[in-house]
Each structure stands twice: as C-alpha cells, then as structure tokens.
2 protein chains.
Amino acid sequence: MPQSKAPPTYNDLMSLDRQVCFGLYAASNLVIRQYRPLLAELGLTFPQYLVMLVLWESEPQTVSAIGERLHLDSGTLTPLLKRLETNGFVVRRRDDTDERRVLISLTTHGHTLRAPARQITETFREGVSFSAAETETLASSLAQLISALEH
Amino acid sequence: MPQSKAPPTYNDLMSLDRQVCFGLYAASNLVIRQYRPLLAELGLTFPQYLVMLVLWESEPQTVSAIGERLHLDSGTLTPLLKRLETNGFVVRRRDDTDERRVLISLTTHGHTLRAPARQITETFREGVSFSAAETETLASSLAQLISALEH
DNA sequence: GCAAATTTGGTTGCATGCAATTATATTGCG
DNA sequence: CGCAATATAATTGCATGCAACCAAATTTGC
C-alpha cells in the first residue's frame with residue numbers, strides 16, 4: 001500500500017541540514033572572496049574589515065567587547081589587532097583603571113578609511129544580482145540561526 | 001518638513017549588507033563550532049567532514065572535482081587530503097590513464113563512518129531550536145546567494 | 001586583609017583558505 | 001614529429017580560527 005503523504009524521512013532532514021552546513025560554509029567563503037580584492041586596496045583583510053566596522057560604530061573598545069560582537073576569542077583577535085596596529089589602523093593601550101584590559105582605538109588613518117569602505121559595499125552590491133528583498137530574507141534567517149546558536 | 005516615507009537610505013542598504021556579511025561569517029563559524037566536538041569523536045574536522053560527504057556520495061573523485069563541489073582549491077585540499085590519508089580515511093593514487101590526476105577513494109574505515117556521521121546530524125538538529133521550515137527558508141536563500149556569487 | 005576564584009589578554013600549535021608559483025603530464029596544431 | 005598551450009596537483013607564505021595553556025590583575029568570601 002503506497003504512502004501518499006509521508007513525513008520527511010531521516011534522509012530528507014539530513015540532506016537539508018547538509019545544504020545549510022555546506023551552504024553557510026560555501027556562501028561565507030564566496031562572500032569573503034568577493035570582498036578580498038576590494039578590501040586589499042584599503043590594506044584590509046575581511047576579518048580585519050569586520051573589526052573596523054565594530055570600531056567605526058564605537059571606540060575605544062576592549063578586546064573582549066570586540067570578541068563578543070564578532071564571536072571571536074583572544075587567540076584570533078590579539079594577533080589580528082597587532083597587525084592592524086602595525087599597519088597604522090588602530091592603537092592598543094592598557095586601561096589605566098584596570099590593567100587587565102586593552103583598549104583599541106582608531107588612528108586618524110583608521111577613521112579616514114570609513115568613507116572608501118562605504119564605496120566597497122556599493123561595489124559589492126553591484127557585482128551580485130541579489131535584490132534588497134532577498135537580502136532581507138537572508139539577513140533575517142541568519143539572525144534567527146545565530147541567536148539559536150548563541151546560547 | 002518631516003518625511004514620512006523615504007526610500008531606503010544609503011546607510012540602510014549598507015547596514016543590511018553588513019548584516020549579511022557579518023551574519024554569514026558568524027553563522028558559519030558558529031555552526032562549525034557546534035559540529036567540532038561531535039566530529040572530533042570521529043576524528044574529523046568540519047572541512048574534512050564536508051570532503052567525506054562528497055566522497056560518500058560518489059568515489060573515487062579527483063582533487064579538482066572535490067574542489068569544484070566545495071569551492072576549494074588545491075592549496076587547501078592537498079594538505080587536508082594528506083591528513084585524511086594519514087588518519088586512514090582515504091587513499092590517494094595517481095590515475096593510470098592520466099598521471100596529472102590524483103584519485104581519492106574511501107578506505108573501509110572511511111566507509112564505516114557514514115552511519116555515525118548521520119547520527120551527528122541528528123544530534124546537531126536537537127541542539128538547535130530551528131524548525132524544518134526555517135531551515136528550508138535559509139537553505140533556499142543560501143542556494144540563491146551561492147548561485148549569484150558563482151559566476 | 002588575604003588567599004582563592006575570576007577576568008582578561010597573550011602564547012603556542014595545528015588546521016584551514018588562498019594567492020602565487022612551480023612541476024609534470026597531456027593536448028593541439030602546424 | 002616538435003613545441004607551445006593547457007590542465008592538474010603540489011608547494012610556499014601569510015592570515016585567520018580556535019583549543020589549550022599561561023600570566024597578570026582584580027574581585028570575592030571569609
């Protein structure tokens with residue numbers, strides 16, 4: 001006797017999960033790859049760009065505050081921030097009131113990159129045929145998934 | 001005179017793009033982080049797991065075929081595949097009819113991991129409160145973005 | 001007050017990603 | 001056939017991610 005309306009099988013669910021796992025991985029890498037040559041003109045890598053976005057919003061910020069925002073730990077951020085400092089984008093200094101903290105601030109050079117960085121966002125949008133509505137759907141799904149994974 | 005219904009401003013579009021760029025980056029890292037301890041029990045990393053998924057579908061496959069499927073190049077895959085070989089999951093051998101190609105096959109051990117890997121997918125699903133419908137919406141958005149970025 | 005726990009960065013080692021280059025094998029074309 | 005063009009991996013060097021561990025400063029419990 002044929003089943004005309006079975007619930008999703010074990011395999012269906014697994015292949016859907018695979019699509020999400022693989023899709024996130026591939027899409028993230030593809031987006032980073034698109035940004036790379038644009039950001040290279042400013043002397044930034046993609047993770048460095050994300051740190052700059054956080055600092056353009058507000059500064060100074062501690063290493064751990066940046067880490068919470070980007071879901072990265074000190075093992076990743078410390079060397080990245082040192083490279084940003086070496087390249088003249090940020091300054092690292094100990095907090096006088098709590099010597100455990102390191103405050104990250106922007107240099108003048110770091111501030112001036114904000115405008116050209118906006119142009120990069122535009123260039124990226126133009127290179128990808130993805131409507132504002134599709135972008136919104138994706139952003140919303142991602143926000144839901146992130147909050148489900150954050151604990 | 002107040003504007004009650006303005007089109008999206010430059011900043012709105014940029015912040016939406018930021019949400020997607022950042023969201024993809026964060027979500028991808030968070031998913032990998034969730035899988036890590038589960039895959040560690042099998043002796044696999046997340047990218048290694050993706051390679052195994054490709055091989056469980058079909059084998060043997062050339063390095064470049066795996067690379068096209070996962071959007072990875074030989075600089076990433078060659079050392080990864082060597083680690084999989086060292087750990088006894090796959091075998092690498094030159095194609096007799098074309099010595100430029102390297103054929104990747106599964107070992108018996110590699111085959112036996114297929115069943116426990118399925119269980120991992122289930123465990124992951126249980127740990128995340130994300131409905132099948134939400135998963136489907138996300139998978140669909142990701143597929144659209146990937147095809148827009150693939151060229 | 002003070003020792004233990006906690007917080008905060010830093011360090012180390014390993015596994016990706018990827019651009020750029022190299023090495024080898026195959027194909028195409030006159 | 002001979003040789004340039006192409007295809008395919010491998011190698012090298014640099015920048016993440018991250019677990020595991022360490023060190024210093026601060027807070028807490030008593």
Side-chain angles (χ1 to χ4, degrees), chain A residues 24-41 43-52 60-68 70-87 89-90 92-104, chain B residues 24-41 43-52 60-68 70-87 89-90 92-104:
Chain A
L24 280 172
Y25 175 83
S28 177
N29 283 337
L30 285 168
V31 166
I32 291 172
R33 220 169 289 160
Q34 291 276 322
Y35 264 96
R36 188 187 311 280
L38 306 175
L39 292 172
E41 293 177 21
L44 292 171
T45 65
F46 188 79
Q48 288 169 5
Y49 168 65
L50 294 181
V51 168
M52 294 299 282
Q61 295 203 42
T62 64
V63 174
S64 59
I66 297 170
E68 275 175 32
L70 299 178
H71 301 282
L72 294 175
D73 71 2
S74 68
T76 299
L77 284 175
T78 295
L80 185 155
L81 290 168
K82 284 185 175 176
R83 281 186 285 271
L84 280 178
E85 184 176 45
T86 299
N87 296 334
F89 299 109
V90 307
R92 298 162 67 247
R93 70 169 197 284
R94 290 280 166 184
D95 185 340
D96 290 335
T97 67
D98 185 341
E99 294 278 343
R100 292 171 305 180
R101 299 167 186 263
V102 170
L103 297 175
I104 311 295
Chain B
L24 281 173
Y25 176 83
S28 177
N29 283 339
L30 285 168
V31 166
I32 291 173
R33 221 169 289 161
Q34 291 277 321
Y35 264 94
R36 189 187 312 279
L38 306 175
L39 292 172
E41 292 177 23
L44 291 172
T45 65
F46 189 79
Q48 288 170 5
Y49 168 64
L50 295 181
V51 168
M52 294 299 281
Q61 294 202 42
T62 63
V63 174
S64 58
I66 297 171
E68 277 175 31
L70 299 178
H71 301 281
L72 294 174
D73 70 3
S74 67
T76 300
L77 284 175
T78 295
L80 185 154
L81 290 168
K82 284 184 176 176
R83 280 185 286 271
L84 281 179
E85 185 175 45
T86 299
N87 296 335
F89 300 109
V90 307
R92 299 161 66 247
R93 69 170 197 283
R94 290 280 168 183
D95 185 339
D96 289 335
T97 68
D98 185 343
E99 294 277 342
R100 292 171 306 182
R101 299 166 185 265
V102 170
L103 295 175
I104 311 295

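Quick note on labels: first sequence line is chain A, next is B, and so on, each numbered from 1. Predicted model only: the values in this text are computed from it and were never measured.
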Query raised in the report: Which whole-number value in Å describes the distance from B/D98 CG to D/dA7 C1'?
Result: 8 Å
Requested in this report: Nearest-nucleotide wise, let me know which of A/D96 and A/Q48 is further upstream toward the 5' end of DNA chain D.
Outcome: A/Q48
Query raised in the report: Looking across every strand, which nucleic acid part, if any, lies under 4.0 Å from B/I32 by heavy atom: base, sugar-phosphate, or nothing?
Result: nothing
Query raised in the report: With Watson-Crick and G-U wobble geometry limited to distances under 3.5 Å, how should the secondary structure of DNA chain D be encoded in dot-bracket form, using | for bases paired to another strand and [ ] for crossing pairs?
Result: ||||||||||||||||||||||||||||||
Query raised in the report: Donor-acceptor pair, A/R94 side chain versus A/R100 backbone, under 3.5 Å?
Result: yes
**Report entry** Phosphate-side-chain proximity, A/R33 and C/dC18, N/O vs OP1/OP2 below 4.0 Å
**Finding:** yes
Query raised in the report: Hey, does the side chain of B/N29 reach the backbone of B/I32 with a donor-acceptor pair shorter than 3.5 angstrom?
Result: no
Query raised in the report: Once you round it to whole Å, what is the distance between C1' of C/dT16 and CG of B/L50?
Result: 12 Å
Requested in this report: Grab the CG-P distance between B/N29 and D/dA19 for me, whole Å please.
Outcome: 11 Å
Report task. For A/D95 and D/dT27, give me the distance from atom CG to atom P, rounded to whole Å. Result -> 11 Å
Query raised in the report: Is the phosphate of C/dT24, meaning OP1 or OP2, less than 4.0 Å from a side-chain N or O of B/R94?
Result: no
Query raised in the report: Counting only side-chain N and O atoms of B/R92, is one of them less than 4.0 Å from OP1 or OP2 of D/dA10?
Result: yes
Requested in this report: Whole angstrom is fine here: how far is it from CD in A/E99 over to P in D/dT27?
Outcome: 12 Å
Tabulate atom names and distances for all N/O pairs under 3.5 angstrom spanning the protein and nucleotides 11-13 of chain D.
unit_1, atom_1, unit_2, atom_2, d
D/dT11, OP2, B/K82, NZ, 2.6

**Report entry** Presence of A/S64 side-chain N/O under 4.0 Å of C/dG9 phosphate oxygens OP1/OP2
**Finding:** yes
Query raised in the report: What is the distance, rounded to the nearest whole Å, between atom CG of B/L72 and atom P of C/dA15?
Result: 17 Å
Report task. Examine D/dA19: is either OP1 or OP2 under 4.0 Å from a nitrogen or oxygen in the side chain of B/R36? Give yes or no. Result -> yes
Query raised in the report: Would a 4.5 Å heavy-atom cut-off, applied to side chains only, mark A/P37 and A/E41 as touching?
Result: no
Query raised in the report: Are B/T62 and B/L103 close enough that some pair of their side-chain heavy atoms sits under 4.5 Å apart?
Result: yes
Report task. Return the value, rounded to whole Å, for the distance between atom CG of B/L77 and atom C1' of C/dT16. Result -> 10 Å
Query raised in the report: Whole-Å distance between C/dA23 P and B/R100 CZ?
Result: 18 Å
